[in-house]
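Read the structure below first, then the notes.
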Amino acid sequence: MPHAVNPVDAQTIYFDASHTGAPPVLMLHGSALSRSIWRGLGYVKALEPEFDTIRMDLRGHGRSDKPHDPASYCIDLVLQDVLAVLEATGHESVHLVGYSFGARVGLSLAIKHPAMVRSLTMLGGTHAIEAEHISTLFFEGYLEALKTGDMDAFIAGMESDGGKLDPATRLAFASNDALALAAYFESTEAGSAVSELLLTQLKTPTLLMTGTRDRPRIDHSRVMAAVMPHARLVELEGRTHGGTLFPPQPILEQLLPFLRATA
């Protein structure tokens with residue numbers, strides 16, 4: 001399976017990629033998921049062959065290396081992973097589609113390496129990092145559940161309010177290393193927000209898509225849409241954070257025209 005090695009800390013990052021010569025779309029999954037979510041939910045089939053897709057497992061997820069040290073998950077190291085994958089695939093610039101943490105990585109890449117991001121799509125994304133809100137995306141005590149080393153405890157917490165995960169998401173959750181995820185979330189909670197000043201300077205064409213029940217991220221998305229000069233927000237009526245990607249059709253009805261227009 002294709003992989004790249006981070007030149008800073010030698011972590012191995014696995015990815016899938018198509019190579020037809022079509023415009024490339026780098027797809028970055030959210031926390032506790034993996035690259036397989038894009039195929040499992042039908043996004044890959046919808047984009048190919050009109051676009052080439054690159055789907056990477058972020059560090060701590062999927063088949064990529066899973067260090068247990070929170071310091072290994074700082075955003076600068078994650079960006080180095082992305083750069084290594086792009087070098088391995090031979091792309092100098094890509095369209096970037098990210099969900100949740102993947103959206104945050106995409107935003108950071110667009111700010112630090114704007115020439116590499118042809119367009120940015122943020123699904124359930126945010127420029128803000130507020131530790132007290134991460135538990136609202138999962139459940140109260142999610143970090144303690146992960147520190148038991150048992151992914152079943154995390155999945156049980158996700159389904160504790162009577163809501164069932166879709167099969168693709170449940171499988172992705174179950175495939176994780178709980179202690180690696182605990183380290184990843186500890187690092188995420190310690191992260192810093194992207195300033196609104198930086199957002200005003202971002203010239204990348206940006207599509208924001210966030211559920212109206214995804215709080216506080218819908219509020220963050222409205223702020224981003226207001227201050228980013230080339231951003232547009234599509235509010236996904238009734239969707240929560242966990243329900244952002246499924247069903248995919250309303251997303252694709254906005255995403256495909258956006259990618260075509262910026263290709």
Side-chain angles (χ1 to χ4, degrees), residues 27-44 46 55 57-58 60-62 97-107 121-146 150-178 180-182 184-186 188-189 191 207-222 224 233-255:
M27 311 187 80
L28 302 179
H29 61 80
S31 303
L33 299 172
S34 74
R35 74 188 190 287
S36 65
I37 200 72
W38 301 111
R39 185 174 294 281
L41 293 180
Y43 286 86
V44 174
R55 291 148 278 126
D57 282 335
L58 295 169
H61 299 76
V97 176
Y99 165 54
S100 193
F101 182 71
R104 177 57 179 270
V105 175
L107 177 62
T121 299
M122 298 180 66
L123 304 169
T126 180
H127 65 296
I129 293 293
E130 297 157 328
E132 67 271 19
H133 289 306
I134 294 182
S135 63
T136 68
L137 303 181
F138 297 105
F139 57 93
E140 198 67 40
Y142 81 96
L143 192 57
E144 290 73 18
L146 289 172
D150 184 1
M151 282 306 301
D152 286 342
F154 179 82
I155 291 169
M158 288 295 292
E159 297 185 327
S160 60
D161 63 355
K164 289 295 181 181
L165 298 168
D166 67 82
T169 299
R170 198 178 200 283
L171 179 61
F173 281 166
S175 302
N176 278 292
D177 177 324
L181 274 189
Y184 157 81
F185 280 119
E186 284 192 62
T188 300
E189 290 194 354
L207 175 63
L208 307 167
M209 301 188 74
T210 307
T212 57
R213 293 173 57 206
D214 182 2
R215 294 195 179 274
R217 297 202 170 196
I218 186 61
D219 303 310
H220 299 167
S221 293
R222 289 167 181 157
M224 288 189 287
L233 170 61
V234 175
E235 299 192 8
L236 302 170
E237 188 62 38
R239 294 201 187 196
T240 62
H241 187 73
T244 301
L245 298 180
F246 185 82
Q249 197 55 38
I251 302 283
L252 293 167
E253 287 172 358
Q254 299 289 335
L255 175 60

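All values below were derived from every heavy atom in this structure, side-chain atoms included, with hydrogens, water molecules and symmetry-related copies excluded.
For E144, there are no side-chain contact (heavy atoms from CB on, under 4.5 Å) partners at least two apart in sequence or on another chain. In terms of the side-chain contact (heavy atoms from CB on, under 4.5 Å) criterion, residue partners of S36 (sequence neighbours excluded) are, by chain and number, S34. For Y99, there are no side-chain hydrogen bond (donor to acceptor under 3.5 Å, both in side chains) partners at least two apart in sequence or on another chain.
Counting all heavy atoms, side chain and backbone alike, M122 lies closest to T126 at CE-N, 3.8 Å. What you find for P250 and R239 is that their closest heavy atoms are CG-NH2, 3.3 Å. Across all their heavy atoms, F139 and A145 have their closest contact at CZ-CB, 4.0 Å. Taking all atoms of both residues into account, the shortest heavy-atom contact from D150 to A178 is N-CB, 3.7 Å. Nearest approach of L33 to A172, heavy atoms of both residues: CD2-CB, 3.8 Å.
The environment of E237 atom CD is sparse: at most 12 non-hydrogen atoms of other residues, nucleotides or ligands sit within 6.0 angstrom. The number of heavy atoms from other shown groups lying within 6.0 Å of CZ (R222) is above 12.
One N or O on the side chain of H29 and one on the backbone of L58 form a donor-acceptor pair closer than 3.5 Å. Although no hydrogens or angles enter the test, the distance criterion places no donor-acceptor pair under 3.5 Å between the side chain of T240 and the main chain of R213. Using modelled atom types, no side-chain atom of R170 and backbone atom of L165 make a donor-acceptor pair closer than 3.5 Å. Counting only distance, with no hydrogens or angles, the side chain of Y43 and the backbone of L245 share a donor-acceptor pair below 3.5 Å.
With contacts defined as side-chain heavy-atom distances shorter than 4.5 Å, the pair L233/M224 does not qualify. The shortest side-chain heavy-atom distance between L143 and E186 falls under the 4.5 Å cut-off. At a threshold of 4.5 Å between non-hydrogen side-chain atoms, the residues R217 and S100 count as touching.
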